[in-house]
Amino acid sequence: MPELPEVEVSRQGIAPWLVGQTVTRVVVRNPRLRWPIPAEIQQLVGCPIASVQRRAKYLLLRSTLGTAILHLGMSGKLRVLPVGTPAEKHDHVDIELGNGQLLRLNDPRRFGALLWTSGDPLHHGLLATLGPEPLTDAFDGAYLHQRSRRKHSAIKPWLMDNHLVVGVGNIYANEALFAAGIDPRRAASALSPDECDRLVLEIKTVLERAIRQGGTTLRDFTRADGRPGYFVQELQVYGRAGEGCRRCGHPLESLRQGQRTTVFCPHCQR
DNA sequence: ATAATAACCTGAGGGC
DNA sequence: TGCCCTCAGGTTATTA
(Lines give C-alpha, C1' and ligand atoms only; values in the text may rest on other atoms or scores of the structure.)
Protein backbone atom coordinates (compact mmCIF):
# COMPACT_ATOMS: atom_id res chain seq x y z
CA MET A 1 0.00 0.00 0.00
CA PRO A 2 2.15 2.80 1.16
CA GLU A 3 4.86 5.00 -0.11
CA LEU A 4 5.73 8.17 1.72
CA PRO A 5 2.57 10.10 0.77
CA GLU A 6 0.28 7.31 1.94
CA VAL A 7 2.15 7.00 5.25
CA GLU A 8 2.04 10.77 5.76
CA VAL A 9 -1.67 10.86 4.95
CA SER A 10 -2.17 8.06 7.49
CA ARG A 11 -0.16 10.01 10.07
CA GLN A 12 -2.21 13.15 9.54
CA GLY A 13 -5.41 11.13 9.76
CA ILE A 14 -4.65 9.31 13.00
CA ALA A 15 -2.68 11.95 14.92
CA PRO A 16 -5.67 14.09 16.03
CA TRP A 17 -7.32 11.00 17.51
CA LEU A 18 -4.20 9.76 19.30
CA VAL A 19 -2.19 12.69 20.63
CA GLY A 20 -2.85 13.30 24.32
CA GLN A 21 -4.93 10.15 24.69
CA THR A 22 -3.99 7.46 27.18
CA VAL A 23 -3.67 3.93 25.84
CA THR A 24 -6.13 1.74 27.73
CA ARG A 25 -5.44 -1.61 26.05
CA VAL A 26 -3.33 -3.16 23.31
CA VAL A 27 -4.92 -6.18 21.63
CA VAL A 28 -2.58 -8.32 19.53
CA ARG A 29 -4.57 -10.93 17.62
CA ASN A 30 -1.69 -12.04 15.42
CA PRO A 31 1.88 -11.12 16.39
CA ARG A 32 3.39 -12.69 13.27
CA LEU A 33 4.24 -9.68 11.15
CA ARG A 34 7.60 -9.20 9.44
CA TRP A 35 9.11 -9.60 12.87
CA PRO A 36 7.11 -10.85 15.85
CA ILE A 37 5.41 -8.04 17.74
CA PRO A 38 7.37 -7.85 21.03
CA ALA A 39 5.59 -8.29 24.36
CA GLU A 40 7.08 -4.93 25.39
CA ILE A 41 4.46 -3.25 23.21
CA GLN A 42 2.22 -3.57 26.31
CA GLN A 43 4.31 -0.83 27.92
CA LEU A 44 2.12 1.56 25.94
CA VAL A 45 -0.79 0.76 28.26
CA GLY A 46 -1.33 3.56 30.76
CA CYS A 47 0.80 6.01 28.83
CA PRO A 48 -0.47 9.09 27.03
CA ILE A 49 0.66 9.31 23.40
CA ALA A 50 2.81 12.42 23.20
CA SER A 51 3.13 12.63 19.43
CA VAL A 52 2.70 10.75 16.17
CA GLN A 53 5.71 11.36 13.97
CA ARG A 54 6.95 9.95 10.69
CA ARG A 55 10.50 9.04 9.64
CA ALA A 56 10.73 7.58 6.13
CA LYS A 57 7.80 5.14 5.94
CA TYR A 58 7.89 4.45 9.67
CA LEU A 59 5.31 5.93 12.04
CA LEU A 60 6.49 6.67 15.56
CA LEU A 61 3.95 6.67 18.41
CA ARG A 62 5.89 8.31 21.20
CA SER A 63 5.09 7.97 24.87
CA THR A 64 6.96 8.61 28.09
CA LEU A 65 8.26 5.04 28.43
CA GLY A 66 9.21 4.46 24.81
CA THR A 67 8.13 4.52 21.21
CA ALA A 68 6.05 2.17 19.09
CA ILE A 69 7.60 1.88 15.62
CA LEU A 70 5.00 1.03 13.00
CA HIS A 71 5.57 0.11 9.35
CA LEU A 72 2.77 -0.71 6.93
CA GLY A 73 4.82 -2.87 4.59
CA MET A 74 3.14 -3.56 1.29
CA SER A 75 -0.49 -3.98 2.35
CA GLY A 76 -0.89 -2.38 5.78
CA LYS A 77 -3.80 -0.07 6.56
CA LEU A 78 -4.65 1.99 9.64
CA ARG A 79 -8.18 2.87 10.68
CA VAL A 80 -9.55 4.78 13.66
CA LEU A 81 -12.77 3.12 14.83
CA PRO A 82 -14.96 3.06 17.96
CA VAL A 83 -13.93 0.55 20.61
CA GLY A 84 -16.08 -2.55 20.17
CA THR A 85 -16.04 -2.51 16.37
CA PRO A 86 -15.85 -6.21 15.43
CA ALA A 87 -12.49 -7.29 14.05
CA GLU A 88 -12.34 -8.68 10.54
CA LYS A 89 -9.83 -10.77 8.65
CA HIS A 90 -6.24 -9.55 8.92
CA ASP A 91 -7.07 -7.06 11.71
CA HIS A 92 -3.92 -7.94 13.63
CA VAL A 93 -3.61 -5.19 16.27
CA ASP A 94 -5.84 -2.70 18.10
CA ILE A 95 -4.51 0.13 20.25
CA GLU A 96 -7.44 1.25 22.37
CA LEU A 97 -7.62 4.80 23.68
CA GLY A 98 -9.24 6.66 26.56
CA ASN A 99 -11.50 8.55 24.16
CA GLY A 100 -13.33 5.36 23.19
CA GLN A 101 -11.58 5.03 19.85
CA LEU A 102 -9.05 2.47 18.71
CA LEU A 103 -6.25 2.43 16.16
CA ARG A 104 -6.57 -0.76 14.10
CA LEU A 105 -3.83 -2.28 11.93
CA ASN A 106 -4.98 -4.48 9.05
CA ASP A 107 -2.26 -6.10 6.95
CA PRO A 108 -3.10 -9.09 4.72
CA ARG A 109 0.45 -9.77 3.55
CA ARG A 110 2.03 -9.16 6.97
CA PHE A 111 5.09 -7.42 5.56
CA GLY A 112 4.47 -4.66 8.07
CA ALA A 113 5.99 -4.35 11.52
CA LEU A 114 5.15 -3.13 15.02
CA LEU A 115 8.19 -2.79 17.24
CA TRP A 116 9.03 -1.15 20.56
CA THR A 117 12.04 0.83 21.63
CA SER A 118 12.71 2.51 24.94
CA GLY A 119 15.55 4.60 23.52
CA ASP A 120 15.69 7.27 20.83
CA PRO A 121 13.76 5.69 17.94
CA LEU A 122 15.93 7.51 15.40
CA HIS A 123 18.85 5.44 16.71
CA HIS A 124 16.97 2.18 16.29
CA GLY A 125 18.74 -0.22 13.95
CA LEU A 126 16.09 0.11 11.27
CA LEU A 127 16.16 3.91 11.26
CA ALA A 128 19.75 4.79 12.02
CA THR A 129 21.19 4.35 8.53
CA LEU A 130 18.38 5.86 6.48
CA GLY A 131 19.04 8.61 3.95
CA PRO A 132 17.55 12.11 4.15
CA GLU A 133 13.85 12.91 4.01
CA PRO A 134 12.96 13.85 0.42
CA LEU A 135 10.95 16.93 1.40
CA THR A 136 13.74 18.58 3.36
CA ASP A 137 16.50 20.89 2.14
CA ALA A 138 19.06 18.17 2.90
CA PHE A 139 17.86 16.43 -0.26
CA ASP A 140 18.90 18.64 -3.14
CA GLY A 141 20.44 18.36 -6.58
CA ALA A 142 23.98 18.80 -5.31
CA TYR A 143 23.51 15.93 -2.85
CA LEU A 144 22.09 13.63 -5.53
CA HIS A 145 24.85 14.51 -7.98
CA GLN A 146 27.60 13.99 -5.42
CA ARG A 147 26.20 10.62 -4.33
CA SER A 148 25.75 9.44 -7.92
CA ARG A 149 29.31 10.00 -9.13
CA ARG A 150 30.52 6.41 -9.10
CA LYS A 151 27.16 4.66 -9.15
CA HIS A 152 26.97 2.35 -12.11
CA SER A 153 23.44 1.10 -11.34
CA ALA A 154 20.37 2.35 -13.17
CA ILE A 155 18.88 5.52 -11.75
CA LYS A 156 15.37 4.15 -11.13
CA PRO A 157 16.09 1.27 -8.75
CA TRP A 158 18.75 3.41 -7.08
CA LEU A 159 16.19 6.13 -6.30
CA MET A 160 14.28 3.50 -4.33
CA ASP A 161 17.31 2.77 -2.12
CA ASN A 162 16.51 4.05 1.37
CA HIS A 163 20.17 4.74 2.03
CA LEU A 164 20.12 7.38 -0.72
CA VAL A 165 16.77 9.01 0.06
CA VAL A 166 13.76 7.62 1.90
CA GLY A 167 10.15 7.39 0.88
CA VAL A 168 10.46 7.04 -2.89
CA GLY A 169 8.81 3.76 -3.87
CA ASN A 170 7.84 2.25 -7.19
CA ILE A 171 4.95 4.55 -8.07
CA TYR A 172 6.69 7.83 -7.37
CA ALA A 173 10.07 6.78 -8.78
CA ASN A 174 8.33 6.11 -12.10
CA GLU A 175 6.34 9.34 -11.93
CA ALA A 176 9.28 11.55 -10.98
CA LEU A 177 11.52 10.17 -13.73
CA PHE A 178 8.78 10.81 -16.28
CA ALA A 179 8.26 14.34 -15.03
CA ALA A 180 12.01 14.97 -15.19
CA GLY A 181 12.30 13.46 -18.69
CA ILE A 182 14.98 10.99 -17.61
CA ASP A 183 15.22 7.43 -18.95
CA PRO A 184 14.97 5.05 -15.95
CA ARG A 185 17.71 2.85 -17.43
CA ARG A 186 20.34 5.61 -17.40
CA ALA A 187 23.33 4.97 -15.18
CA ALA A 188 23.14 7.17 -12.10
CA SER A 189 26.67 8.35 -12.77
CA ALA A 190 25.63 9.66 -16.18
CA LEU A 191 23.28 12.31 -14.78
CA SER A 192 24.39 15.92 -15.15
CA PRO A 193 24.11 18.43 -12.31
CA ASP A 194 21.13 20.01 -14.08
CA GLU A 195 19.42 16.65 -14.42
CA CYS A 196 19.95 15.97 -10.72
CA ASP A 197 18.41 19.35 -9.89
CA ARG A 198 15.43 18.60 -12.10
CA LEU A 199 14.94 15.10 -10.74
CA VAL A 200 15.05 16.23 -7.11
CA LEU A 201 12.57 18.99 -7.89
CA GLU A 202 10.17 16.54 -9.55
CA ILE A 203 10.46 14.03 -6.67
CA LYS A 204 9.50 16.75 -4.19
CA THR A 205 6.69 18.00 -6.44
CA VAL A 206 5.12 14.60 -7.02
CA LEU A 207 5.32 13.62 -3.34
CA GLU A 208 3.81 16.92 -2.17
CA ARG A 209 0.99 16.75 -4.69
CA ALA A 210 0.24 13.14 -3.75
CA ILE A 211 0.04 14.08 -0.07
CA ARG A 212 -2.39 16.89 -0.90
CA GLN A 213 -4.55 14.45 -2.87
CA GLY A 214 -4.67 12.02 0.04
CA GLY A 215 -2.25 9.54 -1.49
CA THR A 216 -2.72 6.96 -4.23
CA THR A 217 -5.40 4.30 -3.82
CA LEU A 218 -4.76 1.39 -6.18
CA ARG A 219 -6.54 -1.51 -4.54
CA ASP A 220 -6.59 -1.23 -0.79
CA PHE A 221 -5.14 1.99 0.57
CA THR A 222 -7.55 4.07 2.61
CA ARG A 223 -7.12 6.97 4.98
CA ALA A 224 -7.83 6.60 8.69
CA ASP A 225 -11.50 7.38 8.07
CA GLY A 226 -11.79 4.88 5.23
CA ARG A 227 -11.75 7.35 2.32
CA PRO A 228 -9.50 6.63 -0.67
CA GLY A 229 -6.70 8.85 -1.96
CA TYR A 230 -7.21 10.61 -5.25
CA PHE A 231 -3.70 10.87 -6.70
CA VAL A 232 -4.40 7.83 -8.87
CA GLN A 233 -6.13 10.25 -11.24
CA GLU A 234 -2.90 12.14 -11.73
CA LEU A 235 -0.62 9.19 -12.46
CA GLN A 236 1.18 9.77 -15.75
CA VAL A 237 2.94 6.43 -16.26
CA TYR A 238 2.48 4.03 -13.34
CA GLY A 239 -0.02 1.33 -14.30
CA ARG A 240 -0.35 2.71 -17.84
CA ALA A 241 1.98 0.43 -19.82
CA GLY A 242 0.81 0.15 -23.43
CA GLU A 243 -1.37 3.25 -23.16
CA GLY A 244 -0.50 6.54 -24.81
CA CYS A 245 1.90 9.00 -23.20
CA ARG A 246 -0.14 11.94 -21.93
CA ARG A 247 2.51 14.30 -23.30
CA CYS A 248 3.35 12.91 -26.76
CA GLY A 249 0.95 10.03 -27.39
CA HIS A 250 3.69 7.44 -27.90
CA PRO A 251 2.80 4.08 -26.26
CA LEU A 252 4.35 3.72 -22.82
CA GLU A 253 6.75 0.82 -22.40
CA SER A 254 7.38 -1.39 -19.38
CA LEU A 255 10.32 -3.44 -18.19
CA ARG A 256 11.57 -5.11 -15.03
CA GLN A 257 14.24 -3.47 -12.92
CA GLY A 258 15.17 -5.17 -9.68
CA GLN A 259 11.98 -7.25 -9.62
CA ARG A 260 9.85 -4.10 -9.94
CA THR A 261 7.93 -2.93 -12.97
CA THR A 262 9.18 0.26 -14.58
CA VAL A 263 6.90 2.19 -16.93
CA PHE A 264 8.24 5.03 -19.07
CA CYS A 265 7.89 6.92 -22.32
CA PRO A 266 10.84 6.12 -24.62
CA HIS A 267 10.14 9.32 -26.52
CA CYS A 268 9.90 11.81 -23.65
CA GLN A 269 12.48 10.21 -21.34
CA ARG A 270 16.10 10.35 -22.48
C1' DA B 1 32.16 -2.90 -0.47
C1' DT B 2 28.76 -3.30 -4.07
C1' DA B 3 25.06 -5.30 -6.83
C1' DA B 4 21.79 -8.51 -8.16
C1' DT B 5 18.16 -11.97 -6.27
C1' DA B 6 15.63 -14.47 -3.05
C1' DA B 7 12.73 -14.25 0.61
C1' DC B 8 8.89 -12.98 3.65
C1' DC B 9 2.93 -13.49 2.78
C1' DT B 10 -1.89 -13.16 0.96
C1' DG B 11 -5.08 -12.06 -2.61
C1' DA B 12 -6.67 -10.78 -7.21
C1' DG B 13 -7.02 -11.68 -11.90
C1' DG B 14 -6.23 -14.16 -16.26
C1' DG B 15 -5.81 -18.41 -19.06
C1' DC B 16 -7.15 -22.99 -19.59
C1' DT C 1 -15.70 -24.28 -10.38
C1' DG C 2 -10.71 -25.07 -9.90
C1' DC C 3 -5.82 -25.04 -10.81
C1' DC C 4 -1.75 -22.70 -12.03
C1' DC C 5 0.60 -18.75 -13.17
C1' DT C 6 1.84 -13.78 -12.60
C1' DC C 7 1.61 -9.62 -10.28
C1' DA C 8 1.17 -6.22 -6.32
C1' DG C 9 2.43 0.22 -3.01
C1' DG C 10 8.52 -2.71 0.86
C1' DT C 11 12.56 -4.07 2.97
C1' DT C 12 16.00 -7.31 4.74
C1' DA C 13 18.99 -11.26 4.24
C1' DT C 14 21.70 -13.94 1.31
C1' DT C 15 24.51 -14.75 -2.53
C1' DA C 16 27.88 -13.61 -6.18
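Numbers restart at 1 for each chain; the letters A, B, ... are given by sequence-line order, proteins then strands.
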Enquirer: Donor-acceptor pair under 3.5 Å: do we get one between A:Arg110's side chain and the base of B:dC9?
Expert: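 Between B:dC9 and A:Arg110, which were checked side chain against base, a qualifying N/O pair under 3.5 Å is absent.
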
Enquirer: Could you check which nucleotide pairs with C:dG9 in any of the strands shown, counting Watson-Crick or G-U wobble with both distances under 3.5 Å?
Expert: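 Looking at the geometry, C:dG9 pairs with no nucleotide.
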
Enquirer: What contact category does A:Asn162 fall into here, base, sugar-phosphate, or nothing, at under 4.0 angstrom with non-hydrogen atoms?
Expert: sugar-phosphate

Enquirer: Is any NZ, NE, NH1 or NH2 atom of the basic residue among A:Arg212 and A:Glu208 found under 4.0 Å from an Asp or Glu carboxylate oxygen of the other?
Expert: no

Enquirer: Report which part of the nucleic acid A:Tyr172 touches: base, sugar-phosphate, or nothing (heavy-atom distance under 4.0 Å, all strands).
Expert: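 Contact class for A:Tyr172: none.
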
Enquirer: Are A:Thr261 and C:dA8 close enough that a side-chain N or O sits under 4.0 Å from OP1 or OP2?
Expert: yes

Enquirer: Nearest to the A:His90 side chain among C:dG9, B:dG11, C:dT12, which nucleotide is it?
Expert: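 Per side-chain heavy atoms of A:His90, the pick is B:dG11.
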
Enquirer: Let me spell it out: for each of A:His163 and A:Gln259, pick the nucleotide of DNA chain C with the closest heavy atom. Which residue's pick is nearer the 5' end?
Expert: A:Gln259

Enquirer: Which of these passes side-chain hydrogen bond (donor to acceptor under 3.5 Å, both in side chains) with A:Asn170: A:Lys156, A:Arg260, A:Glu175?
Expert: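 Answer after filtering A:Lys156, A:Arg260, A:Glu175: A:Lys156.
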
Enquirer: I'd like to know if A:Arg260 reaches the base of C:dG10 with its side chain such that a donor and an acceptor end up less than 3.5 angstrom apart.
Expert: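 Donor-acceptor pair under 3.5 Å: yes.
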
Enquirer: Given that both distances must come in under 3.5 Å, which nucleotide forms a Watson-Crick or G-U wobble pair with B:dA1?
Expert: none

Enquirer: May I have the distance from A:Gln257 (atom CD) to B:dA4 (atom P), rounded to whole angstrom?
Expert: 10 Å

Enquirer: Is it true that A:Asp94 and A:Arg25 have a side-chain N and a carboxylate O under 4.0 angstrom from each other?
Expert: no

Enquirer: Hey, quick one: are A:Val80 and A:Leu97 part of the same hydrophobic cluster, counting side-chain heavy atoms closer than 4.5 Å, chains of contacts allowed?
Expert: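 In one cluster with A:Val80: A:Leu97, yes.
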
Enquirer: Which one, C:dG9, C:dG10, C:dA8, comes nearest to the side chain of A:Lys57?
Expert: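 Nearest nucleotide to the side chain: C:dG10.
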
Enquirer: Find which nucleotide of DNA chain C each of A:Leu130 and A:Arg109 is nearest to by heavy atoms, and output the residue with the more 5' nucleotide.
Expert: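 The answer here is A:Arg109.
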
Enquirer: Answer yes or no as to whether C:dT11 has its base stacked against A:Phe111, where stacking requires a ring-centre separation under 5.5 angstrom and planes under 30 degrees apart.
Expert: no

Enquirer: Is there a side-chain polar atom (N or O) of A:His71 under 4.0 Å from OP1 or OP2 of C:dG10?
Expert: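 Answer no for this pair, as no side-chain N or O of A:His71 is under 4.0 Å from OP1 or OP2.
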
Enquirer: Nearest nucleotide by nearest heavy atom, which residue falls closer to the 5' end of DNA chain B, A:Arg150 or A:Pro108?
Expert: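 It is A:Arg150 whose nearest nucleotide is closer to the 5' end.
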
Enquirer: Hey, is A:Glu8 close enough to A:Arg11 for a salt bridge, meaning N to O under 4.0 Å?
Expert: yes

Enquirer: How is A:Phe231 classified with respect to the nucleic acid when contacts are heavy atoms under 4.0 Å: base, sugar-phosphate, or nothing?
Expert: nothing

